[in-house]
There are 2 protein chains.
Amino acid sequence: MTLDLRVDRSSPVPLYFQLSQQLEAAIEHGALTPGSLLGNEIELAARLGLSRPTVRQAIQSLVDKGLLVRRRGVGTQVVHSQVKRPLELSSLFDDLEAAGQRPATKVLVNTLVPAPAEIAAALGVPEDGDVHRVERLRLAHGEPMAYLCNYLPPGLLDLDTGQLEATGLYRMMRSAGITLHSARQSIGARAATAVEAERLAEQAGAPLLTMQRTTFDDTGRAVEFGDHTYRPTRYSFEFQLLVRP
Amino acid sequence: MTLDLRVDRSSPVPLYFQLSQQLEAAIEHGALTPGSLLGNEIELAARLGLSRPTVRQAIQSLVDKGLLVRRRGVGTQVVHSQVKRPLELSSLFDDLEAAGQRPATKVLVNTLVPAPAEIAAALGVPEDGDVHRVERLRLAHGEPMAYLCNYLPPGLLDLDTGQLEATGLYRMMRSAGITLHSARQSIGARAATAVEAERLAEQAGAPLLTMQRTTFDDTGRAVEFGDHTYRPTRYSFEFQLLVRP
DNA sequence: TAGTGGTCTAGACCACTGT
DNA sequence: CAGTGGTCTAGACCACTAT
């Protein structure tokens, strides 16, 4: 059975995007099975009444997502399984919500402080200036899961404590019109200090998973620095990544 | 001063690729400074004697790498600093070599074993079949840094012990014509068992950084499963990631 | 040899941004 | 308003793969 593909030329949605969405959906719910050939681009273009470059643009976006593989002289195939969510800059809040965990957040500190030297350097603000400092405890099923300490440049965002407890920091930034662009991350481990252990209901010396991250918007400004510790029995970093071609 | 860009039409290298390489080099060594505008695509195409789609393809590849940002009605700008190496599927060996650490490898085990259930599932091989098991100790400056246990499907690769000590597993796979496509990773932490501690010259109960990874080639086959432990005082995962638009 | 994707052209119109 | 990128067309020729 051939796939039922259609495009709506009166829609404001770009034609290539309409097509890539339909192809992705077909892969998602199994109408296009792994390993199956997509049919050549010229014929596909003719069938849809599109030009070949437009069809190629749609296919290319799915190749970039890792869903399709192109082979010259062979055709375009659906990748065999496995690819689900390529790595993205997700917040812990979103991760937990996606896992159906109803995350709870307790804001411990939400204040303006003089920027420590390391933070000032990471955020690119003057050393004698102020930065926002937000400390939060993230809970799942009533148990502490992570301690999140974040610094933000002043004036970027209205850091309402109520909103911080109801949603995630990244979601708040996006709502404020900040376009996240890239982040630099470091993931490590260390033994919990007495203070850290108490915050997370662990024993002193227990292993903790740690992450430092600086996030940049599309103008290159650093918009956030985070220093997080996670209970490794409750959380690990899971992600999929694509090999750059 | 305007940038000196040229393309060689007699070269087998695609024109868009020649252009993107030159732009990337110009960004790299500062001829194009962060925030500077690239000049509009039509004019750039005319200057180079290329068509606009070709110029767009070159620019788009750098946007995908995170080096450029496009804004409708504004222009194409060089991103402000920070982006150096987007996340790639690197081997520990390559990481260390890039850091100038002359990594040493000691192969502890290199044998064929009946596939444990979990490994068979991860690699997609029959449960009663055999798989390669490779255990290695990675050293830097004579000190153990990581213990790497990898499983590979049989018949994929000639796992020469000498080569394993001289280079990395990924490099061997690429040399064997395997096209790496994607990987699923999980990074966590736990306390070292007595056996793990001894291997890595740590105390039992010391925090360890752990990583499990399944790697797939472009046909969707699992080509490797790895179960690694790292000394967190000697190693952490550092990477940069781009926000999917 | 036939069929595929890879590259390239020379236009066109639209949507958005800034002044 | 002028200028930018975003989308789209209807072709063309080439390189690679399989048979």
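As the structure is a computational prediction, the values presented were derived from the model and not from experiment. In what follows, chains carry the letters A, B, and so on, assigned in the order in which the sequence lines appear, proteins first and then strands, with residues in each chain numbered from 1.
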- Using the test salt bridge (Lys or Arg N to Asp or Glu O under 4.0 Å), find all partners of A:Glu43 that sit at least two apart in sequence or belong to another chain. A:Arg47

- CD of A:Gln60 versus P of C:dG6: gap in Å, rounded? 7 Å

- Check side-chain hydrogen bond (donor to acceptor under 3.5 Å, both in side chains) between A:Asn110 and all other residues, then give those that pass, not counting sequence neighbours. A:Thr161

Quiz: residues 118-132 of chain A side-chain donor-acceptor pairs under 3.5 angstrom, not counting sequence neighbours:
none

- Message: For A:Glu24, give me all partners under salt bridge (Lys or Arg N to Asp or Glu O under 4.0 Å), at least two apart in sequence or on another chain.
- Response: A:Lys65

- Message: Under the rule for salt bridge (Lys or Arg N to Asp or Glu O under 4.0 Å), what residues qualify as partners of A:Asp218, not counting sequence neighbours?
- Response: B:Arg71

- Atom CZ of A:Arg70 and atom P of D:dC16: how far apart are they, to the nearest Å? 17 Å

- Query: When the distance from CG of B:Asn40 to C1' of D:dA2 is rounded to whole Å, what number comes out?
  - Reply: 12 Å

- Task: Compare side-chain N and O positions of B:Thr76 against OP1 and OP2 of D:dT4 and report whether any pair is under 4.0 Å apart.
- Result: no

- Report yes if the side chains of B:Gln185 and A:Phe237 come closer than 4.5 Å at any heavy-atom pair, otherwise no. no

- Message: Strictly by side-chain hydrogen bond (donor to acceptor under 3.5 Å, both in side chains), give each pair with a member in residues 7-18 of chain B just once, sequence neighbours left out.
- Response: B:Asp8-B:Ser10

- Whole angstrom is fine here: how far is it from CD1 in B:Ile59 over to C1' in D:dG5? 9 Å

Report each atom pair, protein N/O against N/O of nucleotides 7-11 of chain D, whose distance is under 3.5 angstrom.
residue, atom, partner, partner atom, Å
D:dT7, OP1, A:Tyr16, OH, 3.1
D:dT7, O4, B:Arg52, NH1, 3.4
D:dC8, OP1, A:Leu15, N, 2.4
D:dC8, OP2, A:Leu15, N, 3.4
D:dC8, OP2, A:Tyr16, N, 3.3
D:dT9, OP1, A:Arg9, NH2, 2.7
D:dT9, OP2, A:Ser51, N, 3.0
D:dT9, OP2, A:Ser51, OG, 2.8
D:dT9, OP2, A:Thr54, OG1, 2.6

- Spacing of B:Leu38 atom CG relative to D:dG5 atom P, expressed in whole Å: 8 Å

- Measure from CD1 on B:Ile42 to C1' on C:dA12 and round the result to the nearest Å. 11 Å

Could you pull out the protein-nucleic contacts involving nucleotides 17-19 of chain D (nitrogen or oxygen on both sides, under 3.5 Å)?
residue, atom, partner, partner atom, Å
D:dT17, O4', A:Arg72, O, 3.4

- Note on the structure: With sequence neighbours left out, the residues meeting salt bridge (Lys or Arg N to Asp or Glu O under 4.0 Å) with A:Glu135 are A:Arg133

